[in-house]
Structures are given as structure tokens and as C-alpha cells.
Amino acid sequence: MEYPFDIIEKKWQSIWQEKKIFQAVDLSEKTKYYVLSMFPYPSGTLHMGHVSNYSIADAISRFKLMDGYNVMQPMGYDSFGMPAENYAIRHRTHPRLSTDDSIKVMKKQFKMMGFGIDWTREVSTCHPEYYRWGQWLFKRMYEKGLVYRKSSYVNWCNSCKTVLANEQVEEGRCWRCEEPVRQKELEQWFFRITEYAEELLDFSSVINWPERVKIMQTNWIGKSKGTNIHFHLSGSDEIITVFTTRPDTIFGCTFMALPPEHPLVASWLKGQDDNSPIVRFCNKVINEDKIKRTAEETTKEGIFSGHFAINPVNGEKVQIWITNYVLMEYGTGAVMAVPAHDQRDFEFARKYGIPIKIVIQTPAQNLKLEAMTSAYTDPGILVNSEQFNGMKSEESKASITHWMEDNGTGEEAITYRLRDWGISRQRYWGTPIPVIYCQRCGVVLVPDDELPVKLPEQLELGNTTTNPLLSAAEWINTPCPNCGGPARRETDTMDTFVDSSWYFARYTDAQNEKGPFTRKKADYWLPVDQYIGGIEHACMHLLYARFFHKFMRDIGLIGSNEPFARLLTQGMVTKDGAKMSKSKGNVVDPQYILDRFGADTVRVFMLFASPPEKDIEWSDEGVKGAFRFLNRLWRLFAEKIDILQGTENVVVSGSVSDEELDKLRYSTHFTVKKVLDDIERMQYNTAIAAIMEHLNNIYACKNKKLHDVTEKNIFIQSCRVVPQLLYPFAPHLSEELWSLLGYKQLIHNYGIPTYSPEFLEKELVNYVIQIMGRIRGKLEIAADASPAEIEREALSLANVQKHINGKKVKKVIIIPKKLISIVL
RNA sequence: GCGAAAGUGGCGGAAUUGGCAGACGCGCUGGACUUAGAAUCCAGUGGGAUCACUCCUGUAGGGGUUCGAGUCCCCUCUUUCGCACCA
């Protein structure tokens, strides 16, 4: 017989709802605990990844609730974005309709899973009440000089018909549709995230983030220290500044390399014949796929510009080459080439017959120009470097830089790999950018009291060649807020990552109509105590959210430095070793599992299968195992209900003569301690394993005759802790069993279970006996036996004597309560 | 190439501080119950030698430190992830 999970789960879900136990209290006296898992994109129905993610969050949340915290676990929807728009185009419908349908279904499923969510704080980013404040924040950012507009080459996905941020390009392909990304020149809005590059490298305000994520972000920001060196353009007042991390090699610079996008190159090409080799080369490189161009295998190509630069340290004239291997976006967009000590420059110089000059000698002094097959990039001793000859290259970096600072030819510089965040998207289904272009006044921001700029509901979405909002004529044309003259609205919308960069703060005051949230509530709840989500957002959402948080702090909206104090990056749910996906046909629908086995079973399986940060391999048999465990527990209570009921104030102390019951009492206290410890270190798989083990121990005593009140109470207490320990993982069944025991209040009101250390002390302890590191016997002895006694007993064992074999015992090492090691 | 993480039975995984490797679950084998099956309960289950006692062997591979190593150190291999012409 299967336990009636469907009846039990519905029953408790409605009681929880009725008693509003998940409604978090703003500004409560109690200690707050804010649990958040990344909100879902409303994609139709819940998938296993959601189930896993939110099961982890709910386990934490329930445990904290039980432990007396003022817990907030909100939920919302990242409901703007391209899939809904693409779907709408294909089915000639409106994205709002499919989005709303998805949300309805998913919300129902969240409730069926029994997650303890405070639904009064629900947000949906596609609602004007939400994106209004996104627009408001955009304006504040603009006022602070953190938003600007510029024309630039951008990553363009021709399938999604939109621009992608650098973070959204994966191996040269669109992160959504895997279409190869092209370069396109467009006017775009940018957020000056680079302004915060230095602070984003500082993780001192987070309590517990995986090292991996910190490293990924650090690498992504890519700070590098070096020197800016100013070269004069020969025969001109023009100055070209290069950034280098190797100022020690400046005397070895034999040419300079510029990308075709460099403004100086553009000025040289002006008036030149379109068919000239230089113009043709530049056009070819610019239009080349950026990813292909920057791939390591791509051969280095270039063309001599006909111009020369003057090396400021020795006045040498060096050729300026236009090349495909220098990036305009990094550093100063110009490189001093030192072929002897840089592999790229070396290859290039060899190919085009440019001179190579050694300025760093190996410690063995054996570097010879003719013999070089690759650049020498390691440290060494300076040669051919005038007054710096003989210096160690590492030490010379600072000396050369200081010397250049003194004579005004260079200075220390820091460069980041991080670029500003381009947020314009040529799509309909996103937050409108609150900007108006006036013929007379130029760029004008929409006044605060006219926010939100709402998306027009009626428009043609089928036309995929232009930005959809361009077809909303009535919406576009609007009077200028400044002069009242004719003006047009911005038709790009914001990257949806903007919406998700501050939602964690909106939850603290989700229904506020006067602002994004109030400082008081934000400061009460933030930072999020535990954030949970996938590692794939390490350099996207998690970086953007940190940036937004710091910006919101700087304009006085928030007091804290970081949005997420602790971060858990949970693994994927895989099947047959691969991520579940429609294309692979290995998707398991949570709804089916929910109907067949119930929410508690799915939750227990998810948490038991592996530790939360690792991938979970889906197993139908494993789910049945979790179901079997819950049934086994149910049967225990059903069978023993007469003994178990009416059990207020069970106190069991003192010694008990029955050995098995004594062990059961030990198991009870041991398991409570173990589960509390495991929950603390977020090892839910071992916590559940410990509960299973304890249930096995109870089963071993199940049919024993209980002679007196003490024995009976030991048994009762062993059973009673099970629902308490299991509550974070299988809350419905736990609640049901708890009420069966006769308790009138919901289980969390009784707090987390406690254990008594006195029962963890055993009277007899087991020792393993090793002789020269090999196990040769076991010894059970009184816990308070003296070392001499232990040694005597151990040595007296027959198998021990056999292996000592008459040899002299040199030493006996005793590790209390564990091990006796005999050294011969 | 650089950076990071990992490698343990047939499978998922455990071993928290250097102290009984394989907890717990799945699967499998045997038994009980049953007309039979399902379900359940009990027992067993790394490999090998042995009737048994017990012994040998075993945490990707090789070496080392130690009374004792899955755990610490060195080398090699494999896998996964991130970055990748970043000057």
C-alpha cells in the first residue's frame, strides 16, 4: 500500500496558505533570513532544473523557519525576453498572452511542490509596475554619468535580430540560439560598468561565495598593470600611446602595430582610392568575423602604413603596421611590437622581414638572434638598453616606468579586459528605454512623472528585418518633454539582464508605487543571506547584479555593498550524462513524477542524489527509492500509532539495561546532531542518508517488547525526531506525521530538535588494533579505561600475539576511542 | 596555451581534523510471506585465496613522507568547466 501523498500534500498546502506561515514580516524584531533562488524565465512549465533549484532553497528556508528566523523566500518571473517574442511571431499572437499562461501554470506547479513562498511579493519583470522602476533606475544612472550612447561595432545575432553583450557570446556563437555572431556598427546605449571594475574585484563584503565564481569574475574583469608609453608620429605633432605590461622591453621595439579600426588609420585612409591595397586590407579585416579574427590559429596579417613612429627612449624611427591581431577595444588600441620577446610580434616580424632586436638575455647569456625560433618571453637581464643594461628585467619595469614618468614619455597604467555593458536590444519584448530624441533638444529623458514608458500593445510583430517598435507609429511620435516640438521615442529596449539586476531589492518592498523600494526595508532584508542559482551566470547576471547594487548604494538607495552574502551554485539535472533538453529527447517532466509519487518524493530524491553544487543524474529507480523510504516511514507511524500518540514532554534519562534500546537512544541523539551539522554545511544528501539510517535502526527495534515507561519513551523519542529532521526535505509528510503524534501546532513552531551530549557518550568503545599499519584485531573496552589497560588488553589478543610473533614491541600509539597502533 | 575543479564498487555517492575505505540509496543474489506476481520483511553484496579461522589486494597511474594516506608532498595520465592573439 502506498501512502496517500496526494491527500496529505493538498491538505497541508492549504493549511499553510490559510495560516500565512510564509509571509515574511518587514522590519520584524526577529533575525531575518532572506533565501533567494534565481527567478525563472516563464517557459511553459517547470523543468527538473527548477525543481532541483527550488527544492534546495526551500530546504534552507524551512530549516530557518523552524529555527525561529523571520524568513523571506520570494518568487517572481524574468518575463521579458526573446523566446516569448519569437513564439508570438511564429503563432501570430502576443507575447503577453503566452507569458501570462506560462506564469499561471508554473505558479500552480510551485504550489504543488509545496515551496514556502511569500506570494505577496511576487514580481514579473514584464509588468509596467516593475519595469517602471527599471526605467527610473536607468535615469538615475544617466544622471550619474554611468549611461552613455555611442556608435560601435557590436556583436550581432542575425537569428535573434539583436545585439549581444560580450558576456552573451559563447565561443563566437549566440548564447541563446548558437547562431554565429557577426559584427555590426550600431548606435547603442552603454552602462559604464567599467567604472566599478576595481570595486567588483573586491570580494571582501561577501561571506561565502564559491572560489570558482570569484576567480571567473576576476578573470573576466581581467585587471592588468603596465605602462602607457607615448610615441610621436614622425613628422607630425600626433601622439600614439601604447599600453604594455613589458616596459622592460621598450628598447627592443622595432615596429608599432595598429588595428584597422584605429582613428589614426581612418584619418590616413581619407581620400585614398578604395582599391588601394591599404584600404582593401582594412575593409577586409574590419568586416571579418571578430571571433575568427581573434582566434589563436588565425594567421597574423598586416600591411605597412607608410608612417613611422619615434621610440621615445632612443629616438629610433619604427614602422607603423596595420594588423589583424591588435584589438581596438583593449588598452589604448595600439601596440609597441617587440618581436624578440613577444610571440605574436615575433611571428609577424619574421613573416614581413621586420628587424628583431634582443634586449633581454637569458641567465645563461645564450640567446642568439639567428638561432631563435620563437620569442623569449621569460625574465632575464637587460641588454642593448643603454643605462638599464645589466638590470634584472622584473626590476627594470619599475625603473624604466619611473624614468619615463620623469621625462614625460610614459606613466604607470591599469587596463581591464571588462568592457562597458551594451544594453540596447532591437526587440519588442523588453523594458522600453525612457529616452526621447527631439529634433531641437537632442537626447531628452522622459520625466519621472511620465514613467513608465509602456510598451504599445498593438503592433505588427511579423516583420523580422527591422526593430518591431519602429512600426508603432503612434507610439514613436511624441512631443518633446522639453520644448513640445516633434520628437521620437527610442525604439530599442533594454537587455533583460537589466531587469534581473535589481529584482532581489524589489522583493523587499514589491508593492511600492512611489519608488523601486524604500531604504528602510531594503536595509532590513539585504543582502540576500543565501542565493542559489546556476554557475552559467557567473560573469553575467551575478556580475551585473553586483554592479547595480553598488550603483544603488552610491545613490543612497541601499546601505550594503553586495547583493548576495552567500552563493550556492547548484548543478544541473542530467539524464544519460547530458543536460536535459528537447533536442536530445532526454527530458523528464516533473509533473508526471509529481502526479505519480508526490512532491515530497521528488524533493527527497533531488536532495539525496548528490550534494547541491554537483550535477544530479536523473534516475527513475532512485526516485522509487526515495518513495520507498517515505512509505517505510509512513508504515512505521501507521503501525505504532497507539504507542506514539499523546507524547508531550517525553524525558528520557539515566541508564537503560536493554542494549538494543540503548543503541537506539544513541542513534536518536547521534542522528539529530549529524543532521543539524550536515544542514549547516549544506550537505543534504548525507543529512537524508543519516535519517534513513536512523529509520533502519528504529525498524530493528520495532517489534521489541517495551517493558517500562523509560523503554517506551526511548522508542517514542526515536520516532518523534524523524518528522522534525525530515521537515526541510519532505515537509508535507513531516507535518502529517507530527499531527498524528498529537501535536496541535504546525511542526515548525516546536523549533529544531535538540540532542543531549550525554547520550552520545558510550560506556563501551571500539578500538581498531593495527600492527605496523595493518588491521589485526578489534577491541571493545570501557570508555574510561586507562592507556595501560588498553595496551594490555590489546596485546593479550590471540591474533595480535600471532602477528607480533615474538618480536619486540617498540611503541604503542593510542588514539582515544579510535585506534591502537602497535609499532614493532 | 593559461586558470580552476575533479578522478573511489555494476550505478548515484559517503568517509567533516592523516586513524576500520565503500555510510546511505539504487541494482543484483538468496531467503520469508504468496496459488503466483507485485508490494513488504530479513540476510548478503569491491576483487581474489579459503570448508572455515583468516590472509592477500584495492580509492586514475608511478614515487615519497608517516606507526598509519582516498586524504599530505612530487611526477604522469584522463575528464569537465572557465578564459583564450588582452599587448
Side-chain angles (χ1 to χ4, degrees), chain A residues 1-2 170-171 210-220 222-224 226 242-246 249 257 293-300 323-327 329-338 342-345 347-348 415-418 535-536 538-539 604-605 608-611 613-626 628-629 631-632 635 674 677-678 680-681 683 685-696 699-700 702-703 766-778 798-799 802-803 810-813 815 817-824:
Chain A
M1 251 264 295
E2 292 178 356
E170 291 167 353
E171 292 178 3
E211 215 47 45
R212 186 148 83 109
V213 176
K214 289 196 257 182
I215 290 168
M216 281 169 74
Q217 290 200 355
T218 303
N219 291 342
W220 187 262
K223 179 177 183 173
S224 107
V242 300
F243 171 75
T244 182
T245 53
R246 295 294 305 272
T249 64
R293 178 173 150 196
T294 57
E296 206 156 2
E297 316 84 66
T298 306
T299 29
K300 288 153 190 57
T323 71
N324 67 345
Y325 75 92
V326 177
L327 305 173
E329 301 85 17
Y330 186 77
T332 60
V335 171
M336 66 169 213
V338 184
D342 181 284
Q343 187 56 27
R344 295 153 299 178
D345 300 343
E347 286 168 29
F348 193 87
T415 297
Y416 301 91
R417 210 188 70 108
L418 182 72
I535 185 84
E536 65 273 17
C539 296
V604 167
F605 167 73
F608 178 65
S610 68
E613 67 280 1
K614 283 181 86 173
D615 289 351
I616 297 169
E617 171 68 13
W618 181 263
S619 153
D620 290 334
E621 297 306 323
V623 176
K624 282 184 205 159
R628 209 173 295 167
F629 162 60
N631 272 297
R632 196 166 145 86
R635 280 197 308 273
K674 165 89 177 143
D677 287 352
D678 282 351
E680 183 62 36
R681 58 187 189 119
Q683 291 276 328
N685 55 335
T686 51
I688 293 169
I691 301 170
M692 288 174 167
E693 201 169 358
H694 179 57
L695 183 62
N696 291 343
Y699 260 69
K702 190 171 66 122
N703 297 320
N766 282 298
Y767 279 90
V768 169
I769 304 168
Q770 288 184 354
I771 298 172
M772 296 307 284
R774 322 211 62 156
I775 294 156
R776 298 302 182 193
K778 290 179 184 180
N799 202 46
K802 189 178 128 199
H803 283 92
K810 275 193 204 139
K811 195 162 60 162
V812 176
I813 299 161
I815 309 296
K817 293 175 188 175
K818 276 187 183 157
L819 178 128
I820 303 155
S821 188
I822 298 167
V823 186
L824 297 179

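Predicted model only: the values in this text are computed from it and were never measured. To find a chain, count down the sequence lines: A is the first, B the second, and so on, and within it residues start at 1.
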(request) Evaluate the ring planes of A/F605 and A/W618, with Trp represented by its six-membered ring, and classify them as parallel (under 30°), tilted (30 to 60°) or perpendicular (over 60°). (result) perpendicular
Could you tell me whether [X] contacts a base, only the sugar-phosphate backbone, or nothing, with contacts defined as non-hydrogen atoms closer than 4.0 Å?
{"X": "A/N696", "answer": "sugar-phosphate"}
{"X": "A/G331", "answer": "nothing"}
{"X": "A/V812", "answer": "nothing"}

If the cut-off is 4.0 Å, is [X] near the phosphate of [N], judged by side-chain N/O to OP1 or OP2?
{"X": "A/R417", "N": "B/G82", "result": "no"}
{"X": "A/R212", "N": "B/A6", "result": "no"}
{"X": "A/N219", "N": "B/C86", "result": "no"}
{"X": "A/R628", "N": "B/C26", "result": "yes"}
{"X": "A/N685", "N": "B/A23", "result": "no"}
{"X": "A/R776", "N": "B/C56", "result": "yes"}
{"X": "A/H694", "N": "B/C24", "result": "no"}
{"X": "A/R246", "N": "B/C86", "result": "no"}

Closest to the [X] side chain, choosing from [options]:
{"X": "A/S821", "options": "B/G19, B/U54, B/C85", "result": "B/G19"}
{"X": "A/A609", "options": "B/C24, B/G12, B/G13", "result": "B/G12"}
{"X": "A/N324", "options": "B/A23, B/C85, B/U54", "result": "B/C85"}

Would the base of [N] count as contacting [X] through its side chain, where contact means a donor and an acceptor less than 3.5 Å apart?
{"X": "A/K818", "N": "B/C20", "answer": "no"}
{"X": "A/K624", "N": "B/C26", "answer": "no"}
{"X": "A/Q770", "N": "B/G19", "answer": "yes"}
{"X": "A/K674", "N": "B/U16", "answer": "yes"}

(request) Go through RNA chain B and write down every stem, that is, every run of at least three consecutive Watson-Crick or G-U wobble pairs with distances under 3.5 Å, as range with range. (result) B:1-7 with B:77-83, B:10-12 with B:24-26, B:27-32 with B:40-45, B:46-49 with B:54-57, B:60-64 with B:72-76
(request) Could you tell me whether A/K624 and A/D620 make a salt bridge, using a distance below 4.0 angstrom between a side-chain N and a carboxylate O? (result) no
(message) Tell me the interatomic distance from A/R774, atom CZ, to B/A21, atom P, rounded to whole angstroms.
(response) 10 Å
(request) Compute whether any side-chain donor of one residue and acceptor of the other, for A/N685 and A/S610, lie under 3.5 angstrom apart. (result) no
(message) Do A/N219 and A/R417 pair up side chain to side chain, a donor and an acceptor below 3.5 Å, judged on atom types alone?
(response) no
(message) Would you measure the distance from the C1' atom in B/G22 across to the matching atom in B/G7 and give it in whole Å?
(response) 16 Å
(request) Evaluate the side-chain proximity of A/K818 to A/V768: yes if any heavy-atom separation is below 4.5 Å, no if none is. (result) no
(message) Could you check whether any side-chain heavy atom of A/R776 comes within less than 4.5 Å of a side-chain heavy atom of A/Q770, counting everything from C-beta outward?
(response) no
